[in-house]
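Single-structure report; data block below.
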Amino acid sequence: MRLNKLHDKKRVWVTAVSLVSTLLFGCTTNNVHQAQEELTVYTAVETDQLKRYQWALKKAHPELKIKWVRDSTGVITAKLLAEKNNPQADVVMGLALTSLLVMEQEDLLHPYRPQQIHALKPSFYSQKTTPTWTGMAAWESALCVNTVELKKRNLPMPQSWQDLTQPYYKDLIVMPNPASSGTGYLDVTAWIQIFGEDQAWQYMQDLDRNISQYVHSGSKPCKMAAQGEAVIGISFGYPGLKLKAQGAPLALIHPKEGLGWEMEASAIVKGTSNLSSAQKLIDWTVSEAANHAYAQNFALVAHQGVQPKHKGMPENLEQQLIPHDFNWAAAQRDRILKRWSAQFEQ
């Protein structure tokens, strides 16, 4: 009986050692696995939106350890182009499509066909045999107007782009700088496509007389209007809806001539040494779960099965978007920005 007890104790001790070894080995294996799953991701997604995406991504892929590098569209685009001979990013997630197409022209994107790409609207992914980019969501140009400040001045509510050139709006308008902001650039390219090249530059000259400040963020003009720092902010729909829901005295106006728009898109950076993990991330960006996260912020998302509902957003929003030529906007980016900077950056 004593011998049996000794055997039992030995068996318990061996089992305990075995369990500890398994746990230690498992942790070591997990650490190695995590090291293989590290990614550097460049993004221009708004900070509050990015937090939601990070949470959803971590829930789906806890094994992905991501170093996020976030800045405005212009800064991220310039950084990617400057690093083209020595890429530092593995993936670009949430950058203006126009910027990704500039990268495509430089042969800086790694082609990849995500597993669920067939569920996306055709206009939301590259139509190359093997796609070079996939879309996430689209945002549209809009005006954020402070109704209290407008009433104080006894001024009419603007309804069109042309209205913004009226002399009574002098120094009351804030606009994003197109050299640093994707929203600013989509406005300029939209005006060129709506009015024609010559008339658009004349329009911008007239508008400039009423601009009090050019800022580096697409959402900042709306935030400034909400705080009374500006009366009219040329911005985009999402921040207007969000701030209005929080009680800001804002009217969200979609100018009647038509709306410029841009797409947030993602791509793998050519030369990444973490290709399989990068592909895993891109697979997630086109998933239905990811698109539900985008739908919290945008009225238009890539997935055919996800229909965002936002109170205060026009039901016919998609019909108000101009037929935007993204490839043209990418090809003309340097020329347009040089001319804009020469005329309006003092």
Which value, rounded to the nearest 0.5 Å, describes the distance between [X] atom [atom1] and [Y] atom [atom2]?
X      : Y      : atom1 : atom2 : value
Leu321 : Asn316 : CG    : CG    : 9.5 Å
Trp68  : Leu39  : CH2   : CG    : 9.0 Å
Asn85  : Leu108 : CG    : CG    : 8.5 Å
Leu186 : Trp191 : CG    : CH2   : 9.0 Å
Asn297 : Tyr53  : CG    : OH    : 4.0 Å
Lys256 : Leu259 : NZ    : CG    : 13.5 Å

Would you say Asp198 has more than 12 foreign heavy atoms packed within less than 6.0 Å of its CG?
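No, CG of Asp198 has 12 or fewer neighbouring heavy atoms, counting only those of other groups under 6.0 Å.
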
Kindly check if the number of other-residue, nucleotide or ligand heavy atoms within 6.0 Å of CD (Gln246) is above 12?
yes

Between [X] and [Y], is there a donor-acceptor pair closer than 3.5 Å when you use the side chain of the first and the backbone of the second?
X      : Y      : value
Tyr185 : Ala329 : yes
Arg52  : Asp48  : no
Asp187 : Gly260 : no
His310 : Ala295 : yes
Gln127 : Pro122 : yes
Asn146 : Ala225 : yes
Lys121 : Val301 : yes
Glu264 : Ala96  : no
Ser235 : Leu143 : no
Gln307 : Gln304 : yes

side-chain contact (heavy atoms from CB on, under 4.5 Å) assessment of Tyr42 paired with Val75
CA-CA 11 Å; Tyr42 286 6; Val75 172; over 6 Å; no

Are side-chain heavy atoms of [X] and [Y] found at a separation under 4.5 Å?
X      : Y      : answer
Trp328 : Thr189 : yes
Gln88  : Lys67  : no
Thr147 : Met157 : yes
Ser141 : Ile234 : no
Pro111 : Lys128 : no
Tyr203 : Gln162 : yes
Ile66  : Val91  : no
Pro158 : Ile232 : yes

With a 6.0 Å cut-off on ring centres, are Trp340 and Tyr214 close enough?
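When the ring centroids of Trp340 and Tyr214 are compared, they turn out to be within the sub-6.0 Å range.
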
Can you name the closest pair of heavy atoms from [X] and [Y] and give their distance?
X      : Y      : value
His303 : Gly305 : ND1-N, 2.9 Å
Ala230 : Val174 : CB-CG2, 3.4 Å
Ser219 : Phe236 : N-CE2, 3.7 Å
Leu243 : Ala226 : CD1-CB, 3.9 Å
Ala267 : Ile282 : N-CD1, 3.9 Å
Glu149 : Gly228 : CG-CA, 4.4 Å

Going by atom types alone, do [X] and [Y] pair a side-chain donor with an acceptor below 3.5 Å?
X      : Y      : value
Gln202 : Asp206 : yes
Thr98  : Glu262 : yes
Trp201 : Glu197 : yes
Asp283 : Tyr112 : yes
Gln343 : Gln205 : yes

When hydrophobic residues are tied together by side-chain contacts of less than 4.5 Å, even through go-betweens, does [X] share a cluster with [Y]?
X      : Y      : result
Val102 : Leu80  : yes
Ile336 : Met175 : yes
Leu81  : Met93  : no
Val45  : Val41  : yes
Ile173 : Trp161 : yes

Given the rule in the side-chain contact (heavy atoms from CB on, under 4.5 Å) test, do Met224 and Gln213 qualify, once you have shown the distances and angles that lead to the verdict?
CA-CA 11 Å; Met224 292 176 71; Gln213 191 177 351; 3.5 Å; yes

Paired with Glu37, the salt bridge (Lys or Arg N to Asp or Glu O under 4.0 Å) test is passed by just one of Lys58, Lys280, Lys65, namely Lys280

Going through the distances and angles, do Ile76 and Thr43 end up as a side-chain contact (heavy atoms from CB on, under 4.5 Å)?
CA-CA 7 Å; Ile76 291 294; Thr43 184; over 6 Å; no

Let's go through Trp139 and Glu46 carefully: what are the C-alpha distance in whole Å and the side-chain angles of both, what is the deciding distance for side-chain contact (heavy atoms from CB on, under 4.5 Å) to 0.1 Å, and is it a yes or a no?
CA-CA 12 Å; Trp139 77 95; Glu46 294 285 328; over 6 Å; no

